[in-house]
Amino acid sequence: MNIMIVKNYKELSKTGADFIIKQLKHKPQSVLGLATGSSPLGMYQELIKAYQAHKVTFSQSRVFNLDEYIGIDYAQKESYHYYMLENLYQYIDIPKNRIHIPEIKDSYSEATKKFDKLLDLHPIDLQILGLGTNGHIGFNEPGTPFSSTTFITKLNWQTRKDNARFFNSINDVPTHAITMGIRNIMKAKRIVLIVYGANKKDALYNMIHGEITPDIPASILQLHSDLTIVADDAAAQSIK
Ligand code: GLP
């Protein structure tokens, strides 16, 4: 694994964006896996700037998102559909029919099967990940088997507490979500994990130095053949 420690959020964002820009230059038809949360927000702003400056095009690419809440309307600002549209997709030239965000239309099993099928058809070249304070990736909570493919997950208390800042109160944070599984994530050819802030330092330490265990879902990334971790100074204080 390759670890890059950067000074601040600005550098973290630029570094993350550079990985995507280089990937698209090298292979314009790349399939990207994207994440939500506050860590990649600045990276998306850098991508929008690069697109506006004609330094990158998404016109031949395809994007997958990791996860989505269950039980909220996708037009609602807390949904990941809204987040992605608002923070990236509406500003770039990605064709609408090549945006894949997990979503429930009819049954849960239809939704998970459909997403897995799409992922099998379009293997991810570059997957961007964030890290939960409890070591989750996507919404793969501690205890999730490493063999998981797209599934419906129950969000644990820590995750709902962490994400309550985006909602009016913790009671409004959904209890369940649909997420790409760990096996889907590990299939990506290349993974870039973006880690920001002092509250991630323990999760990052455990992810890198801890035992590979479903209790720390991100620990499986130790086994990935092309993993880069980009962390800011505060998150990286425990691994220096
Ligand atoms: C959510 C998302 C994850 C993300 C995590 C960390 O739970 N499902 O994909 O990595 O939040 O988010 P943040 O970057 O806001 O700390």
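Just so it is clear, the values below take in all heavy atoms, side chains as well, and ignore hydrogens, waters and symmetry mates. Counting starts at 1 for both ligands and their atoms, following the listed order.
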Checking side chain to side chain contact (heavy atoms under 4.5 Å, CB included) between Tyr69 and each of Ile178, Leu155, Thr179, which is the one that passes?
Leu155
for atom 8 (N) of ligand 1, nearest protein heavy atom and its distance come out as Asp67 OD2, 2.8 Å
Before you tell me yes or no, could you show the steps for Glu46 and Lys49 under salt bridge (charged side-chain N to carboxylate O under 4.0 Å, His left out), namely the whole-Å CA-CA distance, both residues' side-chain angles and the distance that decides it to 0.1 Å?
CA-CA 5 Å; Glu46 293 297 331; Lys49 272 198 263 170; 3.4 Å; yes
Of the side chain and backbone of Asp162, name the one, both, or neither that has a heavy atom under 4.0 Å from an atom of ligand 1.
neither
Value for OG (Ser225) from CZ (Arg190), rounded to nearest 0.5 Å, stands at 10.5 Å
Tell me whether ligand 1 is touched by Gly138 - counting only heavy atoms on the residue side and a distance under 4.0 Å.
yes
Give me the ring orientation class for His209 and Tyr205: parallel if the planes are under 30° apart, tilted from 30 to 60°, perpendicular past 60°.
tilted
Atom 12 (O) of ligand 1: which protein heavy atom is closest, and how many Å away?
Gly37 CA, 3.8 Å
Tell me whether Asn206 contacts the main-chain N or O of Ala203 through its side chain, where contact means a donor paired with an acceptor under 3.5 Å.
no
Out of Arg160, Glu141, Lys200, whose heavy atom sits nearest atom 16 (O) of ligand 1?
Lys200
For Ser39, which part has a heavy atom under 4.0 Å from ligand 1: side chain, backbone, both, or neither?
both
Charged N-O contact under 4.0 Å between Lys187 and Asp120
yes
Give me the residue, atom name and distance of the protein heavy atom closest to atom 11 (O) of ligand 1.
His136 NE2, 4.0 Å
Among all protein non-hydrogen atoms, which one is nearest to atom 4 (C) of ligand 1, and what is the separation to 0.1 Å?
Thr36 O, 4.0 Å
For ligand 1, does Glu68 get within less than 4.0 Å through its side chain, its backbone, both, or neither, judged by non-hydrogen atoms?
neither
Would you please determine whether Gln158 falls within less than 4.0 Å of ligand 1 on a heavy-atom basis?
no
Does Tyr196 reach ligand 1, in the sense of a heavy atom lying below 4.0 Å from it?
no
Is there a donor in the side chain of Asn134 and an acceptor in the side chain of Thr159, or the other way round, less than 3.5 Å apart?
yes
Any carboxylate oxygen within less than 4.0 angstrom of a Lys/Arg side-chain nitrogen, looking at Asp233 and Lys7?
no
With a cut-off of 4.0 Å, which atoms of ligand 1 are near a heavy atom of Asn163?
1 (C), 7 (O)
Leu131: numbered ligand 1 atoms lying under 4.0 Å from its heavy atoms
6 (C), 10 (O)
Hey, are Asp125 and Lys27 close enough for a salt bridge, meaning a charged N less than 4.0 Å from a carboxylate O?
yes
Using 30° and 60° as the class limits, which term best fits the ring planes of His122 and Phe64: parallel, tilted or perpendicular?
tilted
From Ser38, Pro40, Ala203, Ala35 - option closest to atom 13 (P) of ligand 1 by heavy atom:
Ser38
For ligand 1, which atoms sit closer than 4.0 Å to a heavy atom of Gly130?
10 (O)
Pick one of side chain, backbone, both or neither for how Tyr80 approaches ligand 1, counting any non-hydrogen atom pair under 4.0 Å.
side chain
